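What follows is a short report on a single structure.
Residues take their numbers from the sequence shown, with the count starting at 1. Small disclaimer: the values here were computed from a predicted structure and weren't measured.
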Amino acid sequence: MLLATILALGGAVTLAGCGGSTSSSSASSAGKLQVAAAENFWGSIAAQLGGEKVAVTSVIVNPNTDPHSYEPTAADGVTFASSRMAIVNGIGYDGWASKLLAANPSSGRVALDVGDLLGLGDGANAHQWYSPASVQRVIDQIVADYKRLDPKDSVYFDRQRTTFVTNALARYDRLRKEIRTRYAGVPVGYSESIFQPLGEDLGLRLVTPYSFAKAIAEGSDVSAADKQTVDRQAEDGAIKVWVYNSQNATPDVQRVNQLARAAHIPIATITETLSPASATFEQWQDAELTRLRAALAQATSR
């Protein structure tokens, strides 16, 4: 029923307001390349790379919204229908966004599916915005797509990319290098698969069973064996730091939180989407890396 409504709105070009989205006013976005991003972590990057030539609307902006189960509105359909470029995560993460694109086909639109770009399908770790290597590939592709859609401003987009990579991401890169140099090999527990790509990039030893982290991320049942393993790791001090997604503190996660506190294990938090919603991608990641660095320093006294 929703897709039928969206199809009926497919010819509309005025962006409608939506409680879950952020968008530019028609006056401020007039003449700009219209970009729709399913989630604000990719939307933030796209906006900074596009600068004054691009207007980006992100659908998922509320930190309390679950991108997996999001129910798109008719206004979201208009946003995608009127876009010249659309960015979706893919990898089974935001199927609703791919359906919106399918419901509003356009020969003039460029669609960037992050999973397709990275060669990852359903079943792979969908949280590639936590993989610095994947983020770099997405940056390169966004700029390439901008230049394809707006070739006269290619030099401008190249400058935006250089500024973003060398300036905006400077602290992000510095923090990652510092943690990797100082704390590589430290055993760390984590509540969700969302942290795995970053943890591996940092050289940390991730000891939580991946099946536990994957089940928490997907909202499926955690096996009794995995519960016992994770509980024991906290109780016995087999982990030096516990990292959990504060946007998804399930009963299983809360139990481990309590065990970690009882064992005086430092805890660091991460979130699935930008928090606060007004933050840029790099501000959000820098804050999380800073908290993680502090927890590692506390745990290792170095």
Side-chain angles (χ1 to χ4, degrees), residues 39-42 44-45 63 125-136 138 165 168-210 212-214 216-217 230-231 233-250 252-302:
E39 298 89 11
N40 62 0
F41 36 79
W42 296 130
S44 173
I45 293 173
N125 192 328
H127 311 98
Q128 292 301 308
W129 59 97
Y130 268 99
S131 165
S134 295
V135 168
Q136 187 59 61
V138 173
V165 171
L169 295 183
R171 187 162 187 262
Y172 170 74
D173 292 338
R174 186 168 61 252
L175 285 166
R176 287 170 39 236
K177 181 179 180 180
E178 179 184 344
I179 292 171
R180 191 183 306 115
T181 300
R182 187 174 297 180
Y183 303 111
V186 173
V188 170
Y190 63 113
S191 71
E192 286 192 41
S193 55
I194 185 174
F195 181 70
Q196 184 198 28
L198 182 60
E200 291 177 346
D201 172 79
L202 299 173
L204 302 173
R205 185 156 62 89
L206 304 179
V207 300
T208 301
Y210 184 72
F212 176 96
K214 188 171 188 289
I216 296 295
V230 173
D231 288 359
Q233 289 174 341
E235 292 170 333
D236 296 347
I239 58 174
K240 297 302 181 184
V241 170
W242 170 247
V243 181
Y244 83 99
N245 177 3
S246 59
Q247 291 175 335
N248 189 28
T250 67
D252 284 316
V253 174
Q254 292 178 30
R255 185 186 66 255
V256 183
N257 289 352
Q258 293 172 353
L259 292 173
R261 292 188 185 100
H264 304 291
I265 295 171
I267 297 175
T269 59
I270 58 172
T271 57
E272 189 151 347
T273 56
L274 302 187
S275 181
S278 59
T280 62
F281 172 83
E282 63 274 18
Q283 288 169 342
W284 171 53
Q285 290 290 296
D286 291 353
E288 292 190 339
L289 287 165
T290 299
R291 292 194 296 269
L292 177 60
R293 181 183 61 179
L296 288 164
Q298 180 183 345
T300 61
S301 298
R302 65 175 189 266

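- Listed here is the closest heavy atom pair of A299 and K240: CB-O, 3.3 Å.
- Scanning for side-chain contact (heavy atoms from CB on, under 4.5 Å) contacts around V207 gives P187, R205, Q233, I239, with sequence neighbours left out.
- A pairwise comparison of heavy atoms in S191 and I216 identifies O-CB, 3.3 Å as the closest pair.
- Here the options are I194, L289, L292, the test is side chain to side chain contact (heavy atoms under 4.5 Å, CB included), and the partner is I270; only I194 passes.
- Residues E272 and Q247 approach most closely at N-OE1, 2.7 Å, considering heavy atoms.
- Tested against W129 for a ring pair (Phe, Tyr, Trp, His ring centres under 6.0 Å), the candidates F281, Y172, F195, F41 yield a single pass: F41.
- With sequence neighbours left out, R255 forms a salt bridge (Lys or Arg N to Asp or Glu O under 4.0 Å) with D231, D252.
- Of all the heavy atoms in H127 and S193, the pair that sits closest is CE1-OG, 3.4 Å.
- For the pair E235 (side chain) and L259 (backbone), a donor-acceptor distance under 3.5 Å is absent.
- If you take OG on S134 and CG on D201, they are separated by 10.0 Å, rounding to the nearest 0.5 Å.
- If you check the side chains of E200 and Q196, you find a donor sitting under 3.5 Å from an acceptor.
- Residues Y183 and T300 have side chains in contact (heavy-atom distance under 4.5 Å, counting atoms from C-beta outward).
- How far OG1 of T208 is from NZ of K214: 15.5 Å, rounded to the nearest 0.5 Å.
- Separation of the W284 and Y130 ring centroids falls under the 6.0 Å cut-off.
- G237 and I265 make their closest contact through CA-CD1, 4.5 Å (heavy atoms, listed as atom of the first residue, atom of the second, distance).
- One distance of note links CD of Q285 with CG of D173; it measures 11.5 Å at 0.5 Å rounding.
- What you find for A279 and Q283 is that their closest heavy atoms are CA-OE1, 3.4 Å.
- In this structure, R291 has no salt bridge (Lys or Arg N to Asp or Glu O under 4.0 Å) partners at least two apart in sequence or on a different chain.
- For the residue pair N248 and E192, a side-chain donor N or O sits within less than 3.5 Å of a side-chain acceptor on the partner.
- Using a 4.5 Å heavy-atom cutoff, the side chains of R174 and R171 are in contact.
- No side-chain donor-acceptor contact under 3.5 Å links R182 to the backbone of R302.
- For the side chain to side chain contact (heavy atoms under 4.5 Å, CB included) with I179, the lone residue among V186, L198, L202, T290 that qualifies is L202.
- In this structure, Y190 OH and Y210 OH are separated by 7.0 Å, a value rounded to the nearest 0.5 Å.
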### Task
Would you sort out whether V241 and Q298 count as a side-chain contact (heavy atoms from CB on, under 4.5 Å), showing the intermediate values?
CA-CA 9 Å; V241 170; Q298 180 183 345; over 6 Å; no

### Derivation of the side-chain contact (heavy atoms from CB on, under 4.5 Å) call for V135 and I45
CA-CA 9 Å; V135 168; I45 293 173; 4.0 Å; yes

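- Between the OG1 atom of T271 and the CG atom of N245 there is a distance of 6.5 Å, given to the nearest 0.5 Å.
- For the atom pair CZ of R261 and CH2 of W242, the computed distance is 11.5 Å after rounding to the nearest 0.5 Å.
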